[in-house]
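Note that the structure is a prediction, hence the values are computed from the model and not measured. Note: hydrogens, waters and symmetry copies are ignored here, and every other heavy atom, side chains too, is used. Note that ligands are numbered from 1 as they come in the structure, with each ligand's atoms numbered from 1 the same way.
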Amino acid sequence: MIIKIRKNSDVPSSEITPESIYIDRRKFLGASAGIGAATFLGAGKAHAAPQDDEPNTWEEITSYNNFYEFGTGKGDPAKNAPDRLITDPWTVKVDGLCNNPADYHLEDFIKPSTIEDRTYRLRCVEAWSMVVPWRGFPLVDVIDRAEPTAAAKYVAFETLWDPEQMPERNWRPRIDWPYREGLRLDEAMHPLSLLVTGLYGKDLPAQNGAPLRLAVPWKYGFKSIKSIVRITFTEDQPPTTWATQTPREYGFYSNVNPDVDHPRWSQKTEKRIDSSKLFGSRRIDTQFLNGYADEVAHLYEGMDLRKNF
Ligand code: MTE
């Protein structure tokens, strides 16, 4: 697994490069103390990143994207989102089953948290992957502040939907926008679940989900919802975009699992995007829970992962 953490305060953002992002487990545990760190401590081992887990380049991460609101081609989000997506001002609504519902200006939403840099693997359900140096803060911070009630079992997320800014209207089949995702509350509170505000120490580019997205590194990339405007605590499992669109192919859990194939393709291996290679990628084995099993496998104890795919 990858644990590469650097606290924001340690280094000016201009200095953050792939080389300067280092493994420091002590800092990670410090940063996550009291918010489920015991779980992490109990299961986790610090491993050096294997050689094939070098971070992808800025260029790769920002030019090969999925953000269907801006088109379905991998180059469409970089072409369409930066000039169209208005990220300032940005409001995030926190509502549902919690004691402290509120509408936050983005600055106030982020301010109480300590910003960290974390490099995570990103494995898309389409069987390509990258390694991404995100900047952000633990989702559990927001959950703690909201104080979900005892009835809350899930957290639902919504992307901005504004047809004026988002040119998707020309393609079929139609998605029932806004893009929606969800996590079980314990998954959302896991210290690896990150609300992302930046990339390589810089502001998050529009095509990667500015100004606020999720990174849930043990799940297929479509769970990592972009450009979040609403976070809602619910009792029932919330409807999510792809599981609603094609339930036979995409489930609510969507944990990375090489033993459970997609009905139309194998999930045993993945294409790691690598522009230094002749075909722009290299083939590697997919790891159970994307290599984060030590940290998160206990969340699924006793569950049939073929049924709960
Ligand atoms: N969020 C929204 N709102 N719309 C999308 O189309 N695509 C998902 C996810 N989040 C998507 C989204 C998919 S399928 C993946 S693989 C990741 O974003 C891709 O993130 P990236 O473009 O930063 O690599």
Side-chain angles (χ1 to χ4, degrees), residues 55-82 84-85 87 90 92 118-136 156-163 165-168 171 173-183 193-200 202-231 239-246 249-251 254-256 262 265 267 270-275 281 286 290:
N56 281 88
T57 63
W58 171 272
E59 179 59 26
E60 289 163 344
I61 297 167
T62 60
S63 63
Y64 187 96
N65 299 100
N66 276 339
F67 199 168
Y68 272 24
E69 292 88 331
F70 292 97
T72 54
K74 293 288 180 275
D76 288 344
K79 202 165 58 193
N80 297 324
R84 291 176 190 250
L85 181 65
T87 58
W90 192 269
V92 185
R118 293 193 191 180
T119 300
Y120 282 164
R121 297 186 195 94
L122 172 79
R123 170 46 160 98
C124 181
V125 74
E126 298 162 345
W128 57 266
S129 67
M130 294 209 203
V131 177
V132 187
W134 299 119
R135 166 166 285 190
F157 303 86
E158 248 178 58
T159 295
L160 173 78
W161 173 236
D162 180 356
Q165 297 178 52
M166 296 166 159
E168 75 75 40
W171 69 277
R174 280 249 179 277
I175 284 182
D176 180 19
W177 306 106
Y179 191 97
R180 292 189 178 85
E181 259 310 331
L183 295 170
S193 295
L194 195 69
L195 276 170
V196 168
T197 56
L199 175 63
Y200 269 122
K202 302 193 176 117
D203 284 347
L204 195 60
Q207 59 269 39
N208 294 91
L212 183 77
R213 71 170 289 166
L214 205 56
V216 191
W218 69 95
K219 293 180 177 281
Y220 289 121
F222 68 85
K223 300 295 287 183
S224 292
I225 183 171
K226 296 180 169 181
S227 304
I228 296 168
V229 291
R230 187 172 178 192
I231 299 176
T240 56
T241 291
W242 288 109
T244 305
Q245 182 90 0
T246 322
E249 301 192 355
Y250 308 103
S254 294
N255 291 317
V256 175
H262 186 278
W265 59 83
Q267 295 290 26
E270 65 202 52
K271 201 176 78 167
R272 173 63 53 82
I273 302 302
D274 183 346
S275 46
S281 67
T286 289
N290 208 20

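- For ligand 1, the polar-atom distance check against Asn208 finds a nitrogen or oxygen pair separated by under 3.5 Å.
- Taking every heavy atom of Glu69 and a limit of under 4.0 angstrom, the matching atoms of ligand 1 come to 2 (C), 3 (N), 4 (N), 5 (C), 6 (O).
- Considering each of Glu60, Lys74, Lys226, Met130, the one bringing a non-hydrogen atom nearest atom 20 (O) of ligand 1 is Lys226.
- Ser129 and Arg272 are linked by a side-chain donor-acceptor pair at a separation below 3.5 angstrom, with hydrogens and angles left out of the test.
- Contacts of Phe67 with ligand 1, taken as heavy-atom pairs under 4.0 Å, involve both backbone and side chain.
- Remark: ligand 1 and Tyr68 share an N or O pair separated by less than 3.5 Å (distance only, no angle test).
- Side-chain N or O atoms of Arg180 include none that pairs as donor or acceptor with a backbone N or O of Ala156 at under 3.5 Å.
- Counting only N and O atoms by type, the side chains of Asn65 and Lys74 include no donor and acceptor under 3.5 Å apart.
- Partners of Trp90 under the side chain to side chain donor-acceptor pair (under 3.5 Å) rule, at least two apart in sequence or in another chain, do not exist in this structure.
- Here is the list of ligand 1 atoms found below 4.0 Å of a heavy atom in Cys124: 16 (S).
- Atom numbering of ligand 1 starts at 1 in the shown order; those under 4.0 Å from a heavy atom of Thr159 are 3 (N).
- Listed by atom number, the atoms of ligand 1 under 4.0 Å from Leu122 heavy atoms are 24 (O).
- By the 4.0 Å heavy-atom criterion, Ser224 is counted among the residues contacting ligand 1.
- No side-chain N or O of Thr286 forms a donor-acceptor pair with one of Gln267 less than 3.5 Å apart.
- If you look at Tyr64 and Trp128, their ring centroids are closer than 6.0 Å.
- Protein heavy atom at the shortest distance from atom 5 (C) of ligand 1 is Tyr179 CE1, 3.4 Å.
- Counting protein heavy atoms only, atom 7 (N) of ligand 1 is closest to Asn66 O, 3.3 Å.
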